[in-house]
Amino acid sequence: MEQENRRKRRKAIPAQPKKEPVADELQAAPKEKPRGKLRWRWLLNTLAATFVVVALAVTAFSLAMYSYYSSTILATLEGKAQTAAGMFRNYTETTYLFTARQFVNQFEEKSTIELQILNAGGRVLMSSTMDISGASVDSPDVRTAISEKRVATSMGPDGNTGDHVVSASAPVVYNGTVVGVVRMVTSLRKVETQMTRIIAVTSSVGAVILIVMGVSASFFIRSVLDPVIRVTETAKRIATGSYGVQMEKRSNDEMGELVDAINDMSMKIDQAERTQSEFISSVSHELRTPLTAISGWAETLYNGEVRDAADVKKGMGIIVSEAQRLTRMVEELLEFSRMETGRFNLSVEPIDIQAELEDAVYTYREFFRRKGLELDYTECGGELPIIDGDPERLRQVFCNLLDNADKHGGTGGRVDVSVVQEDASVVIRIRDYGPGVPEDELPFIKYKFYKGSSKARGSGIGLAVCEEIINSHSGSLDIGNAPGGGCVVTIRLPLGVENV
């Protein structure tokens with residue numbers, strides 16, 4: 001009576017809009033084929049980057065050296081010119097030129113530095129080279145020294161010789177008036193020659209660096225690409241059907257991890273291929289058996305070979321039973337197909353989970369009784385809260401698990417079913433008293449197509465479908481061996497937040 005009342009309460013629950021899951025379909029973008037050889041592109045890119053770095057380094061070093069030499073020469077000339085001009089300030093205007101001539105004649109660095117004595121108008125009065133006396137000098141350092149009465153320097157082509165020179169000019173001041181200019185001039189030809197040598201040496205070093213980088217990059221690229229080529233060839237072999245082929249692992253780095261992943265993938269594909277072949281063979285046999293029984297009895301009854309009412313009833317019962325078994329198998333296959341293609345949806349609504357379980361128990365209790373199998377159902381001590389779920393899918397799980405308990409544990413003569421509330425979950429347990437599951441098969445028993453050592457009929461996808469349904473309800477399905485023998489299946493379904 002209580003069970004009938006629960007059915008009425010369940011049917012009285014108002015229907016809610018169906019909640020359809022949203023599936024994200026990720027489509028891989030087509031990959032472009034590589035252009036050219038990766039080895040050469042990698043090597044060229046490495047050498048190009050090295051060349052740019054070396055060229056920048058050589059240029060920066062050369063400029064720094066040139067700047068150092070130039071600034072040193074300028075500072076030296078400026079100091080010499082200022083010292084000489086200061087010396088001439090101690091003489092009168094009359095004795096200035098006489099002293100200057102003596103200084104020019106005794107100048108010891110005339111082989112590298114040209115000493116010039118200019119008048120206030122910028123004309124050369126005397127020179128240590130004795131070949132430009134009387135010439136007029138119009139350079140920035142001379143103009144600045146005369147106009148601003150301070151030491152000035154300049155760098156640029158010489159107006160007379162065309163050489164690249166550095167010059168420093170210091171004014172000779174007498175009674176506040178510029179009466180002459182002391183100018184030191186030296187050519188940068190030796191500096192430029194030295195810079196050419198420096199650039200040649202640094203360029204040679206850069207070329208050696210390029211060669212070394214090219215050789216080392218070539219070895220490195222080979223060490224990386226050769227394993228990649230081996231992996232590619234192995235992947236091609238796997239793609240053409242050589243499942244299970246293994247590669248030799250030659251290192252423990254990332255490439256070794258890739259080899260391990262490829263080997264593992266190859267083994268899993270090989271196992272999946274063999275499992276699929278076994279599945280097709282098993283399903284073909286499973287479909288053929290009920291079809292044979294249905295066809296045989298239908299033909300017998302159609303031809304009138306059986307006239308006894310009891311035999312006719314028995315034959316019709318076999319046809320109905322085998323047709324139902326065939327229907328369940330086809331439904332499992334359809335569910336599995338939906339799972340594989342991402343079309344597995346739930347029609348969620350508020351349900352009385354205890355009433356749904358009792359429906360399945362009521363359906364199988366008479367079936368078990370006819371087979372001499374006792375079905376013991378333990379009700380929850382109180383009312384269970386209403387939860388959200390798909391009643392058809394959950395009933396499918398209960399029926400599938402009860403059917404498994406009959407097939408794999410029916411020799412124990414008994415099946416226990418219970419439902420309780422534990423913390424924030426509804427817990428359903430289905431236990432048989434058969435031989436249980438071998439310990440080494442427990443981790444794989446929920447894998448699709450896996451049948452283990454069991455000789456019972458089935459497609460090997462029922463438990464995989466059940467787990468997918470329970471997971472879609474944010475629950476869990478666990479299978480283990482019960483103390484004292486037999487197998488126990490535990491289903492946990494979460495209660496809604498308002499019921500916790």
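Source: prediction; values computed, not measured.
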Quiz item: Do Arg393 and Ser472 touch side chain to side chain, with heavy atoms closer than 4.5 Å?
Solution: no

Self-check item: Which atom of Leu74 lies closest to which atom of Ser154, heavy atoms considered
Solution: CD2-O, 4.0 Å

Quiz item: In terms of heavy-atom contacts, does CD of Gln102 have more than 12 from other residues, nucleotides or ligands at under 6.0 Å?
Solution: yes

Exercise. Keeping the roles fixed (side chain from Ser266, backbone from Ile262), state whether a donor-acceptor pair exists under 3.5 Å.
Key: no

Exercise. Could you grab the distance from atom NE2 of His473 to atom CD1 of Ile470, nearest 0.5 Å is fine?
Key: 7.0 Å

Quiz prompt | Ile117/Arg101 under side-chain contact (heavy atoms from CB on, under 4.5 Å): CA gap, chis, key distance, verdict | solution = CA-CA 9 Å; Ile117 303 297; Arg101 185 174 299 279; over 6 Å; no

Quiz item: Roughly how far apart are Gln116 CD and Ser169 OG, rounded to 0.5 Å?
Solution: 8.0 Å

Quiz item: What do the steps show when you test Leu401 against Ile491 for side-chain contact (heavy atoms from CB on, under 4.5 Å), and what is the final call?
Solution: CA-CA 10 Å; Leu401 294 178; Ile491 300 173; 3.5 Å; yes

Self-check item: Test item: Met184 and Glu109 side chains (from C-beta on) under 4.5 Å apart, heavy atoms
Solution: no

Self-check item: Backbone of Gln354 reached by a side-chain donor or acceptor of Asp352 within 3.5 Å
Solution: yes

Practice problem: Check Met195 against Ser62 and note the closest heavy-atom contact, atom names and distance. | Solution: CE-O, 3.0 Å

Practice problem: Would you check if the side chain of Asp141 reaches a backbone N or O of Ala152 as a donor-acceptor pair within less than 3.5 Å? | Solution: no

Quiz item: Do any N or O atoms from the side chain of Asn400 and from the backbone of Gln396 form a donor-acceptor pair under 3.5 angstrom?
Solution: no

Quiz prompt | Polar side-chain atom of Gln246 near backbone of Asn263 as donor-acceptor pair, under 3.5 Å | solution = yes

Quiz prompt | Passing candidate, side chain to side chain donor-acceptor pair (under 3.5 Å) with Glu114, options Ser127, Ser187, Ser128 | solution = Ser127

Quiz prompt | Trp42 backbone acceptor or donor facing Thr46 side chain under 3.5 Å | solution = yes

Quiz item: Any side-chain heavy atom of Val54 sitting closer than 4.5 Å to one from Met213?
Solution: no

Practice problem: Would you check if Leu495 and Ser425 make a side-chain contact, meaning some heavy-atom pair closer than 4.5 Å? | Solution: no

Quiz item: Ile198 and Met65: which non-hydrogen atoms are nearest, and at how many Å?
Solution: CD1-CE, 4.0 Å

Exercise. Tell me, with the steps shown, if Val166 and Tyr69 meet side-chain contact (heavy atoms from CB on, under 4.5 Å).
Key: CA-CA 11 Å; Val166 176; Tyr69 282 131; over 6 Å; no

Quiz item: With distance as the sole test, does Asp264 use its side chain to make a donor-acceptor pair with the main-chain N or O of Asp260 at under 3.5 Å?
Solution: no

Quiz item: Should we count CZ of Phe51 as having more than 12 external heavy atoms under 6.0 Å?
Solution: no

Quiz item: Does the side chain of Val104 reach to within under 4.5 Å of the side chain of Phe107, using non-hydrogen atoms?
Solution: no

Quiz item: To the nearest 0.5 Å, how far apart are CG in Leu47 and CD1 in Ile211?
Solution: 10.5 Å

Quiz item: Taking NZ, NE, NH1 and NH2 as the nitrogens, is one of them in Arg189 or Glu192 under 4.0 Å from a carboxylate oxygen of the other?
Solution: no

Quiz item: Do Thr186 side-chain atoms and Thr112 backbone N/O form a donor-acceptor pair below 3.5 Å?
Solution: yes

Quiz item: Roughly how far apart are Glu392 CD and Glu349 CD, rounded to 0.5 Å?
Solution: 8.5 Å

Practice problem: Could you tell me which non-hydrogen atom of Val178 sits nearest to which non-hydrogen atom of Ala120, and how far apart they are? | Solution: O-CB, 3.3 Å

Self-check item: Approximate separation, where rounding is to 0.5 Å, of Ile199 CD1 and Gln194 CD
Solution: 11.0 Å

Practice problem: Quick one: closest heavy-atom pair of Val437 and Cys487, and the distance? | Solution: CG2-SG, 4.0 Å

Quiz item: Is there a side-chain contact (heavy atoms from CB on, under 4.5 Å) between Leu115 and Lys110 once you walk through the steps?
Solution: CA-CA 7 Å; Leu115 172 61; Lys110 60 180 63 178; over 6 Å; no

Self-check item: Taking every non-hydrogen atom, the tightest pair across Val181 and Ile146
Solution: CG2-CG1, 3.6 Å

Self-check item: Pairwise distance CD1(Ile351) to CD1(Ile387) - rounded to 0.5 angstrom
Solution: 4.5 Å

Quiz item: Any side-chain heavy-atom pair from His164 and Met155 closer than 4.5 angstrom?
Solution: yes

Exercise. Only one of Val419, Thr490, Leu394, Leu477 passes side chain to side chain contact (heavy atoms under 4.5 Å, CB included) with Ile428; say which it is.
Key: Val419

